[in-house]
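To start, the structure itself, in structure tokens.
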Number of protein chains: 2
Amino acid sequence: MNKKKELLLKIAKRLFTEYGVAEVSLRQIAAEVGISHSNLIYHFPSKNDLIIALHHQLMEKAIALNQQVKTASHPLEGLLQSTQIGFTILYEYRFLMIDLPHILRDNKILHNTFLDLEKLRADMYSIEIQKAVDQNLMRQELYQGEYTGFIEHIKIFSDAWIASSAIYDSPENNNIIEKYVKLFMGFFYPYLTDEGRSVFDEVYFQ
Amino acid sequence: MNKKKELLLKIAKRLFTEYGVAEVSLRQIAAEVGISHSNLIYHFPSKNDLIIALHHQLMEKAIALNQQVKTASHPLEGLLQSTQIGFTILYEYRFLMIDLPHILRDNKILHNTFLDLEKLRADMYSIEIQKAVDQNLMRQELYQGEYTGFIEHIKIFSDAWIASSAIYDSPENNNIIEKYVKLFMGFFYPYLTDEGRSVFDEVYFQ
DNA sequence: GTAAATTTAGGCCAAATGTACTAATTATTT
DNA sequence: AAATAATTAGTACATTTGGCCTAAATTTAC
């Protein structure tokens, strides 16, 4: 990736975050960077190309950082670590999540990427929960399909917390990520066993 | 409310739902109705006025329908009923929730309305949960603030399920509302007492 | 050092949009 | 019936935006 392109993406990301994807034009971005409209188009022919490139950046960072988190002692610890990392990176690219339906509506490729990712996430959660059940950290299902529903809950939350934050949280608040990581982890608490709870408290409250 | 205005709102709602708020212009709406662009502007000077009027419709319907649900025998039954009603009405106006951040970004009035509504909802949930705890249908908190977090979970879900559905559900699926009402009710299950669970099963599975 | 490729800028165009103004038509009131 | 108010249509204008083409400038390759 070019230095120049990285600069363009950085500024595009800032403007998208500040004003929303729909409200920012290629001309505005070019003006902000200090280059001509044509020049920006030379590098990124359309707004969609910028968005795809930024999404690509996000994925690269997420993959790179998550490979550093493999030595968790418990499923719950790994979960907390990857949640913190994931939420932090995602927040940097929050314009994607804030305008997600709008972006995916006119971007079939990205939409399909999201559908694929959703399946991966569901599998990942499913495996982690199974591990936690096996280690007697989480209880058995109370009814058939309970954890399937639970996974739906946390998937929707993972997609939605940024948009929710954009609506309800004060922009001055600088504990946003911490707040939503905590809320996310709170999803698990009622499903934990007594043992799970003591492990959880230990991991989570240092 | 005028017959004419109602027609305009109906068609605007359809177009917003189908193509997204940002992608529909006043000229398109006018063309679809079969009136001149100027005429539409006479009734609704801007897109925002249409959105505010539609939101007003939504609130009127929600208030009217919820007044018919006062005779629930349990908090859980009332919760289920008002959830079903609320989700059904909201789904009719789903364009509002799908493009929510975008809409609220350039609509301070509606944004403040949402912030106020959020507080009302939180209080309502808080009261219902307290009732359920008092009636031994839901358990006590396991830790200080557990139900505060829980209310955050269900508020975010309530705001987000429509956008999530727009992204992940097949448009042919016609059990969408049922699916998300079920998911919503599933949030409560792990917090129920044994008694709460038997009541819940009875209410929910007829 | 020269040729080729890459990058950059400027201008032009067509389409769309919001806005405003005027005139005509229709409905309502008196 | 006449006057007044409400509704509707037409038009024109400024702005913005995405696309496209050409030429200049800069970098890279040979």
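A, B, ... follow the sequence lines: proteins, then strands. Residue 1 opens every chain.
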Report the distance from atom CG of B:Leu40 to atom C1' of C:dA16, rounded to the nearest whole Å. 16 Å
Taking 4.0 angstrom as the limit, do B:Asp116 and B:Arg121 come out as a salt bridge? no
Per the salt bridge (charged side-chain N to carboxylate O under 4.0 Å, His left out) rule, which among B:Lys13, B:Lys10, B:Arg14 passes with B:Glu92? B:Lys13
B:Ser25 side chain N/O closer than 4.0 Å to the phosphate oxygens (OP1, OP2) of C:dT17? yes
B:Phe184 ring center near B:Phe188 ring center (under 6.0 Å): yes
What does B:His37 touch in the nucleic acid at a heavy-atom separation under 4.0 angstrom: a base, only the sugar-phosphate, or nothing? base
State whether B:Asn39 places a side-chain N or O below 4.0 Å from either non-bridging phosphate oxygen (OP1 or OP2) of D:dA9. yes
Side-chain N,O (A:Gln28) to OP1/OP2 (D:dT17) below 4.0 Å: yes
Residue A:Ser38, side-chain atoms from C-beta onward, closest of C:dT19, C:dG10, D:dT8: C:dG10
Tell me whether the centres of the aromatic rings in A:Phe16 and A:Tyr93 are closer together than 6.0 Å. no
Can you identify which nucleotide, out of C:dT17, D:dG18, D:dT7, has its nearest atom closest to the B:Asn2 side chain? D:dT7
Assert yes or no for the condition that the ring centre distance of A:Phe187 to A:Phe157 is strictly below 6.0 Å. yes
Quickly work out the A:Tyr19 OH to D:dT17 P distance and round it to whole Å. 13 Å
Rounded to whole Å, how long is the line connecting atom NZ of B:Lys5 with atom P of D:dT8? 11 Å
Take the protein atom NZ of A:Lys3 and the nucleotide atom C1' of C:dT6, then report the distance between them rounded to whole Å. 19 Å
Rounded to whole Å, how long is the line connecting atom CD1 of B:Ile41 with atom C1' of D:dC13? 14 Å
C:dT7 C1' sits how many Å from A:Phe44 CZ, rounded? 14 Å
So, is B:Ser36 near the phosphate of D:dG10, with a side-chain N or O under 4.0 Å from OP1 or OP2? no
Can you tell me if A:Tyr42 touches the phosphate of C:dT8, counting only side-chain N or O atoms and a distance under 4.0 Å to OP1 or OP2? no
Here the distance between atom C1' of C:dG18 and atom CG of B:Leu50, to the nearest Å, is 14 Å
Are any of A:His43's side-chain N or O atoms less than 4.0 Å away from OP1 or OP2 of C:dT6? no
For a quick test of reading the model: is some side-chain N or O of B:Lys4 closer than 4.0 Å to OP1 or OP2 of D:dA6? no
What is the distance, rounded to the nearest whole Å, between atom CD1 of A:Ile35 and atom C1' of C:dG10? 14 Å
